A.B. asks: 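Handing you a structure now.
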Amino acid sequence: QPDAPLLVNPAPTLHKIRWMAEFLSNIPHYKANTVETVRLAIAARAVLFEMAEREGIDFDLERRGILHFYSHAKDLAHGRKVNALLREGGLDRREVSPEEIREIEPALKGDLVGGFVTPSDSSGDIHRFTTGLARACLRRGAVLRFGKAVDKVRADAGGVRVFEGGQEHRFDAVVVS
């Protein structure tokens, strides 16, 4: 469906083949990439919180941490390996016993072998955050354009030139998604 949240076109293109080759070539760098991604995520989270506070964006933020739990020893063992990488990247995430899991979340039932808790993690309403962010950007003078097909983007000393629908537009900065 053209309006699906994730749209995958299986037809091979040169761009897809290059992307897949680059993706596969990075598999040996899994550890370094994971550690660096964690560092970036922690920094991004701090910026998100600061931005929401500064701009008055209310998005039902809950700072109660995140609990990951396992019912199979094999999965918990894999979780320990991943946890070592996350901790190396600076994430405070500790292992918890089945008893501790039930103290944290009494509604959980079933056979649990253990898990991990990340006290610094949080959750919120992403739709409320993004609409609040859009309003903040508009207040600060941003121009938001949705549903546009961008033909080309060029950076030069004067800023950014965006070519769309046969027209050229000039901006100081651009985000294209």
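Nothing here was measured: the structure is a model prediction, and the numbers come from that model.
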A.B. asks: Identify the heavy atoms of Gly114 and Pro98 that sit nearest to each other, and give their distance.
C.D. replies: N-CG, 3.9 Å
A.B. asks: Under a 4.5 Å cut-off applied to non-hydrogen side-chain atoms, are Leu76 and Phe116 in contact?
C.D. replies: yes
A.B. asks: Membership question, hydrophobic clusters at under 4.5 Å side-chain separation (ILVMFWY): are Ile27 and Trp19 in the same one?
C.D. replies: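 Yes, Trp19 and Ile27 fall within the same hydrophobic cluster.
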A.B. asks: Could you give the distance from CG (Asp125) to CD (Glu62), rounded to the nearest 0.5 Å?
C.D. replies: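 It comes to 11.5 Å.
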A.B. asks: Provide the closest heavy-atom pair for Ser122 versus Phe49 in the form atom of the first, atom of the second, distance.
C.D. replies: OG-CZ, 3.2 Å
A.B. asks: Are side-chain heavy atoms of Arg170 and Asp156 found at a separation under 4.5 Å?
C.D. replies: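 In contact.
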A.B. asks: Quick one: do Val96 and Leu67 satisfy side-chain contact (heavy atoms from CB on, under 4.5 Å)? Show the steps, please.
C.D. replies: CA-CA 9 Å; Val96 289; Leu67 176 65; 4.1 Å; yes
A.B. asks: Count the heavy atoms belonging to other residues, nucleotides or ligands that lie under 6.0 Å from NZ of Lys148, then report whether that count exceeds 12.
C.D. replies: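 No, the 6.0 Å shell around NZ holds no more than 12 heavy atoms from other groups.
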A.B. asks: Please answer whether the main-chain N or O of Asp60 pairs with a side-chain N or O of Asp58 as donor and acceptor at a distance below 3.5 Å.
C.D. replies: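 Checking the backbone N and O of Asp60 against the side chain of Asp58, a donor-acceptor pair under 3.5 Å is found.
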A.B. asks: Could you label the plane-to-plane angle of the Phe171 and His169 rings as parallel, tilted or perpendicular, counting under 30° as parallel and over 60° as perpendicular?
C.D. replies: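 Rings of Phe171 and His169: tilted, 30 to 60°.
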A.B. asks: State yes or no: do Leu144 and Val174 share one hydrophobic cluster built from I, L, V, M, F, W and Y residues joined by side-chain heavy-atom distances below 4.5 Å, directly or via other members?
C.D. replies: no
A.B. asks: Between Val160 and Asp172, what is the shortest heavy-atom contact and its length?
C.D. replies: CG2-O, 4.1 Å
A.B. asks: Do Val113 and Leu108 sit in the same hydrophobic cluster, where Ile, Leu, Val, Met, Phe, Trp and Tyr count as joined when their side-chain heavy atoms come under 4.5 Å apart?
C.D. replies: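 No; tracing contacts between hydrophobic side chains, which count when under 4.5 Å, never links both residues.
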A.B. asks: Which value, rounded to the nearest 0.5 Å, describes the distance between Arg128 atom CZ and Leu61 atom CG?
C.D. replies: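 CG of Leu61 is found 11.0 Å from CZ of Arg128.
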A.B. asks: Can you list the residues that meet the ring pair (Phe, Tyr, Trp, His ring centres under 6.0 Å) rule with Phe129, with sequence neighbours excluded?
C.D. replies: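 By the ring pair (Phe, Tyr, Trp, His ring centres under 6.0 Å) rule, Phe129 matches Phe59.
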A.B. asks: Is there a side-chain contact between Arg154 and Phe163 (heavy atoms, below 4.5 Å)?
C.D. replies: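 Of all side-chain heavy-atom pairs linking Phe163 with Arg154, at least one is under 4.5 Å.
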A.B. asks: Take atom CZ of Phe69 as the centre, draw a 6.0 Å sphere, and report whether it contains more than 12 heavy atoms from other residues, nucleotides or ligands.
C.D. replies: no
A.B. asks: Output the distance between atom NE2 (His29) and atom OG1 (Thr34), rounded to the nearest 0.5 Å.
C.D. replies: 12.0 Å
A.B. asks: Is there a continuous path of hydrophobic side-chain contacts, each under 4.5 Å between heavy atoms, that joins Val35 to Leu40?
C.D. replies: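 Each belongs to a different hydrophobic cluster.
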A.B. asks: How many angstroms lie between atom CG of Asp92 and atom CG of Leu86, to the nearest 0.5 angstrom?
C.D. replies: 11.5 Å
A.B. asks: Look up atom CE in Met20 and atom CD1 in Ile17, then write down how far apart they are to the nearest 0.5 Å.
C.D. replies: 10.0 Å
A.B. asks: Kindly state each residue pair satisfying salt bridge (Lys or Arg N to Asp or Glu O under 4.0 Å) with at least one member in residues 99-123, sequence neighbours excluded.
C.D. replies: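 Salt bridge (Lys or Arg N to Asp or Glu O under 4.0 Å) check on residues 99-123 returns Arg94-Glu100.
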A.B. asks: For the pair Lys16 (side chain) and Ala11 (backbone), establish whether a donor and an acceptor sit closer than 3.5 Å, ignoring hydrogens and angles.
C.D. replies: yes
A.B. asks: At what distance, to the nearest 0.5 angstrom, does CG of Leu133 lie from CG of Leu138?
C.D. replies: 9.5 Å
A.B. asks: Count the heavy atoms belonging to other residues, nucleotides or ligands that lie under 6.0 Å from NE2 of His127, then report whether that count exceeds 12.
C.D. replies: no
A.B. asks: Given 3.5 Å as the limit, does a donor-acceptor pair link the side chain of Arg87 with the main chain of Arg93, or not?
C.D. replies: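 A pair under 3.5 Å: yes.
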A.B. asks: Around Glu22, counting heavy atoms of other residues, nucleotides and ligands shown, do more than 12 lie under 6.0 Å from its CD?
C.D. replies: no
A.B. asks: Shortest non-hydrogen contact from Ile42 to Leu91?
C.D. replies: CD1-N, 3.6 Å
A.B. asks: Are Ile126 and Met51 grouped together when hydrophobic residues (ILVMFWY) are joined by side-chain heavy atoms under 4.5 angstrom apart?
C.D. replies: yes
A.B. asks: What pairs with Arg18 under salt bridge (Lys or Arg N to Asp or Glu O under 4.0 Å), at least two apart in sequence or on another chain?
C.D. replies: none
